[in-house]
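The analysis underlying the following values was restricted to heavy atoms, covering all of them including side chains, and did not include hydrogens, waters or symmetry mates. Count residues from 1 along the sequence. On a predicted model such as this, the values are computed, not experimentally measured, just so you know.
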Amino acid sequence: MNTAVRIYDESHISQFVKARAGETRLWQNISFLQCEHDYAASLKDAAQFGIRYVLLGIPEDIGPRANCGLGGAALGWQAFLQRFLNQPNNQFLGGDKILLLGEVNIEEIQAASCELSNQDTEQLDRLRQLCSEVDKQVISALTPIFAAGLEPIIIGGGHNNAYGILQAYHVATQQAACAINFDPHADFRACEGRHSGNGFNYAYQAGSLSSYHVIGLHEHKNNQTILEQLGKAGFGFSSYQAIKTRRTLSLPEALDKALAQLPHHAPLGVELDVDAIIEMPASALTYQGFTCDDAEYFVYRLAQHPNTKYVHLCEAAPAQHPLGERTGLAHCGQVLTSLANAYISTRHT
C-alpha cells in the first residue's frame, strides 16, 4: 500500500455529489481504484481494464505561502470535485476511462504549516522545508501512475508541485520531459529552498525538465535574474504584452511557436496556473490577464499533441474571491472543470 495517497471510494465523494432521475452523472460512471495490496500493480490493472485518465488532488497551500504569497490553494481540489463530478455523462464526456484516485496524503504536513507566517524569517524557512516534504509525497504518488502508462490530471495546490510531477515522470520513465506553462510567472526563481516560484528551476537542475516555454509571461512580474536564468537554460517565452497589449503575436501563434520548439517525440507536460486568468480567485488574483476560454484553448491545443503525458491545474484559491469562500468554490470549480473537460475531450477524440 502506498501511504503517499489517500485512495478514494464512493464514500469520500458523497458530500459533493447529487443524483437526478432520468440521467446519469459523471460520478456514477467513473471508477475507483481497487487496491487492497499493491498500489503500483493496481494502477497497471486499471490501465489494462481501459482506464486512461487519473484524477489526483493536491490539497495544500504551503508552496504559495513559502513563496511569500497568499494561502487558499488547498481548497482547489474540493472546488473541482463539486462541479466536475455532477456533470452529465454523455457522448461528449464520459466517465468510463476516468479513475478518481484520490488525493496526495499531505494532511499532516499541511496542518504543521497552518500557524506559520511567511513574514517571519525562521517560519518562512520552515514553510520551505515542509514544501520539500510535499515534494516527496507527490513524487511517491505519481511515479506509479506514470509507470502504468496513465495520464494524471492533477488539481489543486501551488505551482511548486510541478517539480514533484516532473521528477515522478523522470523516475518512472528515465526520461526528462518538456513543459509548456500558461502563467504570468516563469516560476524559475533561485533554488533558495522550495516554494511555488521555483519548481521549474529545481526540475531543470535535477535533470527532469529538458525544454520549457512560458505562454503569457508578464514582462513586469518577473525579475531580471529570472529572465536571464531562463535564457541561460535555453528556455523561452511569449509574453502577455506581446499577445494582449501590443498584439504582435496571437495566442494560436504563440502556441505554434512553443510546439515547434519541442524536441521530436519528447514527452510533454501541460502546466496551467489559473492566476493567468483574469479575476480568477487564485494565490495571485489578477485583474489583468487572459479569459477562461483562452485557457481552455491553451489546454485544447496541447492536449492534441501525441506525446502529452499530463495536465497540471494549480493555484486556484477559493477563499481569495472578493465575495468570500463559498462564491470562490463555485467560481474555481467551474473554471477547473472546464479546463479538465478540454483536456479529456480532446485526448479522447
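Under the 4.5 Å side-chain heavy-atom criterion for grouping Ile, Leu, Val, Met, Phe, Trp and Tyr, Ile180 is connected to Leu249 within one hydrophobic cluster. Cluster membership check: Val274 does not share its hydrophobic cluster with Phe200, using side-chain heavy-atom separations under 4.5 Å among Ile, Leu, Val, Met, Phe, Trp and Tyr. Under a hydrophobic-cluster definition in which Ile, Leu, Val, Met, Phe, Trp and Tyr are linked whenever side-chain heavy atoms come within less than 4.5 Å, directly or via other members, Phe146 and Val171 are assigned to different clusters. When hydrophobic clusters are built by joining Ile, Leu, Val, Met, Phe, Trp and Tyr residues whose side-chain heavy atoms come closer than 4.5 Å, directly or via intermediates, Phe80 is not grouped with Leu329. Note on Leu26: it does not cluster hydrophobically with Leu33, by side-chain heavy-atom contacts below 4.5 Å among ILVMFWY residues.
In this structure, a donor-acceptor pair under 3.5 Å is present between the side chains of Gln205 and Asn201. In the model, His218 has a side-chain atom that pairs as donor or acceptor with a side-chain atom of Gln288 under 3.5 Å. No hydrogens or angles considered: nothing links the side chains of Gln229 and Tyr204 as a donor-acceptor pair under 3.5 Å. For the residue pair Gln304 and Thr346, no side-chain donor N or O sits within less than 3.5 Å of a side-chain acceptor on the partner. For His159 and Glu271, the side-chain atoms include at least one donor-acceptor pair closer than 3.5 Å. For the residue pair Glu219 / Ser239, a side-chain donor-acceptor distance below 3.5 Å is found, with atom types taken as modelled.
Summarising the geometry of Asn160 relative to Pro64, their closest heavy-atom pair is OD1-CD, 3.7 Å, with the distance given to 0.1 Å. Contact record, Pro281 with Gln320: CB-C, 4.3 Å, taken as the closest heavy-atom pair. Scanning all heavy atoms of the two residues, the minimum distance from Tyr53 to Arg347 falls at OH-CB, 3.2 Å. The nearest pair of heavy atoms linking Gly50 to Lys97 is O-CG, 3.5 Å. The minimum heavy-atom distance linking His170 with Ala176 is given by the pair CD2-N, 3.7 Å. When all heavy atoms of Arg65 and Leu116 are compared, the closest pair comes out as NH2-O, 3.2 Å.
Between Ile165 atom CD1 and Leu209 atom CG the span is 12.0 Å, to the nearest 0.5 Å. We find the OG-CZ distance between Ser211 and Phe235 to be 6.5 Å, quoted to the nearest 0.5 Å. In this structure, Arg194 CZ and Asn67 CG are separated by 10.0 Å, a value rounded to the nearest 0.5 Å. The distance from the CZ atom of Phe237 to the CD1 atom of Ile215 is 11.0 Å, given to the nearest 0.5 Å. Distance CZ/Phe92 to CD1/Ile344: 15.5 Å, rounded to 0.5 Å. Asp96 contributes atom CG, which lies 7.5 Å from atom CD1 of Ile51 (distance to the nearest 0.5 angstrom).
In this structure a side-chain-to-backbone donor-acceptor pair under 3.5 Å is present from Asn222 to Pro184. In terms of modelled atom types and a separation under 3.5 Å, the side chain of Asp187 and the main chain of Gly199 share no donor-acceptor contact. For the pair Asp275 (side chain) and Ala282 (backbone), a donor-acceptor distance under 3.5 Å is absent. His12 places a side-chain N or O within 3.5 Å of a backbone atom of Asp9 that can act as its donor or acceptor partner. Side chain of Ser14 to backbone of Ser11: a donor-acceptor contact under 3.5 angstrom is found. In this structure, Gln87 contributes its side chain and Phe84 its backbone to a donor-acceptor pair below 3.5 Å. Asp45 contributes no side-chain N or O that, together with a main-chain N or O of Cys35, makes up a donor-acceptor pair within less than 3.5 Å. Using modelled atom types, no side-chain atom of Gln241 and backbone atom of Arg246 make a donor-acceptor pair closer than 3.5 Å. The backbone N or O of Asn105 sits less than 3.5 Å from a side-chain atom of Gln137, completing a donor-acceptor pair. Between the Asp273 side chain and the Asn181 main chain, no donor and acceptor come within less than 3.5 Å of each other.
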Could you go through the salt bridge (Lys or Arg N to Asp or Glu O under 4.0 Å) check for Asp294 and Lys244 one step at a time?
CA-CA 11 Å; Asp294 286 332; Lys244 286 290 193 178; 3.3 Å; yes
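The closest side-chain heavy-atom distance from Tyr202 to Asp135 is not below 4.5 Å. Here the side chains of Leu101 and Ile7 are in contact, with some heavy-atom distance below 4.5 Å. The side-chain heavy atoms of Ser283 and Ser196, taken from C-beta on, include no pair separated by under 4.5 Å. Inter-residue side-chain proximity for Trp27 and Lys18 is flagged as unmet; no heavy-atom pair is nearer than 4.5 Å. The shortest distance between side-chain heavy atoms of Tyr240 and Asp183 does not fall below 4.5 Å. Within the 4.5 Å cutoff, no side-chain heavy atoms of Lys309 are placed close to those of Pro152.
Residue Glu23 qualifies as enclosed at atom CD: its count of foreign heavy atoms under 6.0 Å is above 12. Annotation: His348, atom NE2; neighbour count of heavy atoms from other residues, nucleotides and ligands within 6.0 Å does not exceed 12. Counting heavy-atom neighbours within 6.0 Å of Gln224 CD, excluding the residue itself, gives a total above 12. Within a 6.0 Å sphere centred on NZ of Lys44, heavy atoms belonging to other residues, nucleotides or ligands number 12 at most.
Partners of Tyr297 by side chain to side chain contact (heavy atoms under 4.5 Å, CB included), not counting sequence neighbours, listed by chain and number: Leu251, Pro252, Leu255, Tyr300, Arg301.
When ring centroids are compared, Phe298 and Phe290 stay outside the 6.0 Å threshold.
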